[in-house]
Amino acid sequence: EEEEKEKEKEEEEAKEEDSEEEKEDEDMEEAVEEPPTVELTAEEKKMSFRKSATPDLSPYTMSTSFQKFSVPEKEEGFDEIRYEWLKGADKCKEHVKSWIQDRKLTTRIEELVAGEWFSVRWKEWQKLLQSWHGKQNAWKATLQKKAAEAAKAAAAKAAKEAKAKAAAEEAARKAAAGEDAEKKEEDAPMKDEAKEEEEEAEAEEEKVDFDKLDVFGIEDVLNIGGGQPLFSAFNLEDWSMMGLRFEVHLLCHAFRRDVDDPDRVGIHMDHLPFYYNKYFKKAITPKYFGVESVKEMLDLIRDTVVVNPKNQVVETQLPDDLESNGIFIMLTEESRRDRTRRIDMGDETAKLKLMQPGLPGLSVAGSAGLVPGRTANIVGGLRPAMISPLRPAGGQAWGGQQAGMAWRGAQLPGWRPQGMLQAQMAPMRPQWRPWG
């Protein structure tokens, strides 16, 4: 009897435990909320494939192989081909063709190589720039020489007038004192005076009203009158912007020639830095031009290139068979004048904020020609002043460079200026000593 009672007791406890567990399960089921109902947007309903965060192919593999994609054909050995999303082979082929065309605009060509057409014109531009810089330097030297000669002539004329005035005063004094002195008249050098007047007349004839000159009506950009070039007022920022104009223009035409694909109508704006680096072997940074994006940088030269709003392709407004590259001087000079007028009217946004290469946060306007740790004075906005140059003991030049200076051209788009250089201190060596 005792055993039976214990069994009954155990059974009752087991039933109570089971009922408690069932009650807990019911409470938990009641506490769990019902899952939300999934609702697809209109765009998601049109999608035939689910987009995955991890692509099936790497970007490089996709960019080098997507042009070979095609719809399968029975001739390739397939027993059966079914079209589940787009009914019919024609619709599928059209879809694949459209997809490839869109990809061509938005996918980079990793293996693209610059052709001969680009290389020839790039070398010609660099040589042309060197000659233009030389012409500007020669013009500025001429102005300095004329200014020095004018100052010398003015000083001589003033001395001559002072001498004549003193002689007249002396003669008047003698006459007032009753002295019987012979009056000696000096024959003025009529020929010299006539020559001076003739030279002044010629100078007036050669002088042109530069500010009122029609930029696009000039026949020779190297001589607008009196040997003055149209780019005589260019400074560092103007040369930089002209280089950017030509480089982007050249890149657009070279790209279309090298890809030789009618479906690739041009360079997508987002890929401009990639192709710029591939062709010119240097990086292009919008921040150097004082802006944050490629679009803002291209807006600075919208007289040469524009961005197509439909496909975001960079398009040049100039043909590839220009008779002369002087058009880039004209565009830059017109832009410089417009910028100057706007600044004079108080428009601070018109100022260019180019940054000095290698010195973040430093504008070209106040820092051109800076050497790390020192400040250089700029003469005419072109040439850095000589700052504590070093020379090896014995007076020999370091590495064949004059005055122990290691010169390197400013790393700006499209040119290696001769006159606009940046001085870099040569490394100190034990056998070296400061010059002077």
Side-chain angles (χ1 to χ4, degrees), residues 121 124-143 146 203-253 289-290 297-306 314-354 364-365 368 380-382 412-415 417-420:
R121 278 150 185 79
E124 290 176 352
W125 172 256
Q126 291 175 311
K127 292 180 181 179
L128 191 59
L129 272 178
Q130 289 181 1
S131 67
W132 288 347
H133 281 289
K135 179 68 174 178
Q136 187 189 48
N137 291 337
W139 169 251
K140 293 194 173 186
T142 301
L143 291 182
K146 287 182 178 179
E204 289 295 330
E205 291 179 0
E206 292 179 353
K207 189 176 181 181
V208 296
D209 192 348
F210 185 74
D211 294 332
K212 294 183 179 180
L213 197 66
D214 181 10
V215 172
F216 297 101
I218 296 173
E219 295 182 0
D220 186 3
V221 296
L222 298 180
N223 186 3
I224 61 177
Q228 180 181 3
L230 181 59
F231 47 84
S232 59
F234 278 16
N235 55 24
L236 179 59
E237 57 189 13
D238 298 310
W239 289 111
S240 300
M241 297 309 300
M242 186 177 72
L244 180 63
R245 283 182 173 88
F246 176 81
E247 288 175 357
V248 178
H249 158 80
L250 179 63
L251 179 60
C252 290
H253 285 298
F289 298 93
M297 180 185 69
L298 295 178
D299 285 341
L300 297 176
I301 55 171
R302 54 184 174 272
D303 52 10
T304 307
V305 296
V306 294
V314 182
E315 299 176 351
T316 176
Q317 302 191 66
L318 301 175
D320 60 350
D321 55 347
L322 293 171
E323 294 182 2
S324 171
N325 286 325
I327 183 63
F328 295 101
I329 293 178
M330 297 178 182
L331 291 170
T332 305
E333 172 60 19
E334 183 66 20
S335 176
R336 184 194 69 81
R337 294 184 178 194
D338 178 68
R339 184 175 67 252
T340 302
R341 285 192 295 266
R342 291 169 59 190
I343 293 174
D344 291 342
M345 294 173 63
D347 185 3
E348 296 294 327
T349 60
K351 291 183 179 180
L352 291 177
K353 301 177 182 178
L354 274 65
V364 167
L382 289 176
L412 299 177
W415 56 287
Q418 290 181 335
M420 196 178 302

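Values reported hereafter were calculated over all heavy atoms of this structure, with side chains retained and with hydrogens, waters and symmetry mates removed. Fair warning: this is a prediction, and the values are worked out from it, not measured in the lab. In what follows, residues are counted from 1 in the order of the sequence shown.
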Exercise: identify the closest heavy-atom pair between [X] and [Y]:
| X | Y | result |
| --- | --- | --- |
| Met330 | Val215 | O-CG1, 3.3 Å |
| Leu354 | Ser240 | CD2-CB, 3.5 Å |
| Arg342 | Thr349 | NH2-OG1, 3.9 Å |
| Leu129 | Met242 | CD2-CE, 3.6 Å |

Do any pairs count as a salt bridge (charged side-chain N to carboxylate O under 4.0 Å, His left out) and have a residue in residues 124-138, sequence neighbours left out, and if so which ones? none
Does any pair with a residue in residues 319-330 pass salt bridge (charged side-chain N to carboxylate O under 4.0 Å, His left out), and if so which ones, sequence neighbours excluded? Arg257-Asp320
Hey, is the main chain of [Y] close enough, under 3.5 Å, to the side chain of [X] for a donor-acceptor pair?
| X | Y | value |
| --- | --- | --- |
| Gln136 | Phe234 | yes |
| Asp347 | Ile343 | no |
| Ser232 | Gln228 | no |
| Thr142 | Ala138 | yes |
| Asp238 | Asn235 | yes |
| Gln317 | Arg302 | yes |

Go through Thr340 and Arg336 one step at a time and tell me if the side-chain contact (heavy atoms from CB on, under 4.5 Å) criterion holds. CA-CA 6 Å; Thr340 302; Arg336 184 194 69 81; 4.0 Å; yes
Is there a donor-acceptor contact under 3.5 Å linking the side chains of Thr316 and His249? yes
Does the pair Ser131 and Leu128 meet the rule for a side-chain contact (heavy atoms from CB on, under 4.5 Å), with working shown? CA-CA 5 Å; Ser131 67; Leu128 191 59; 4.0 Å; yes
Drop me the distance from Met241's CE to Phe246's CZ, to the nearest 0.5 angstrom. 15.5 Å
Gap between atom CD of Glu334 and atom CD1 of Ile329 - 0.5 Å precision: 14.0 Å
Thinking salt bridges, do Asp344 and Arg339 make one under a 4.0 Å N-O criterion? no
For residues Trp239 and Phe231, establish whether the separation of their ring centroids is below 6.0 Å. yes
Verdict with reasoning, Arg245 to Asp303, per salt bridge (Lys or Arg N to Asp or Glu O under 4.0 Å): CA-CA 9 Å; Arg245 283 182 173 88; Asp303 52 10; 3.1 Å; yes
Option among Trp139, Trp125, Phe328 that satisfies the ring-ring contact (aromatic ring centres under 6.0 Å, His included) test with Trp132: Trp125
Val248: partners by side chain to side chain contact (heavy atoms under 4.5 Å, CB included), with sequence neighbours left out: Leu244, Cys252, Leu298, Ile301, Val305, Val314
May I have the step-by-step check of side-chain contact (heavy atoms from CB on, under 4.5 Å) for Leu300 and Phe289, ending in yes or no? CA-CA 9 Å; Leu300 297 176; Phe289 298 93; 4.0 Å; yes
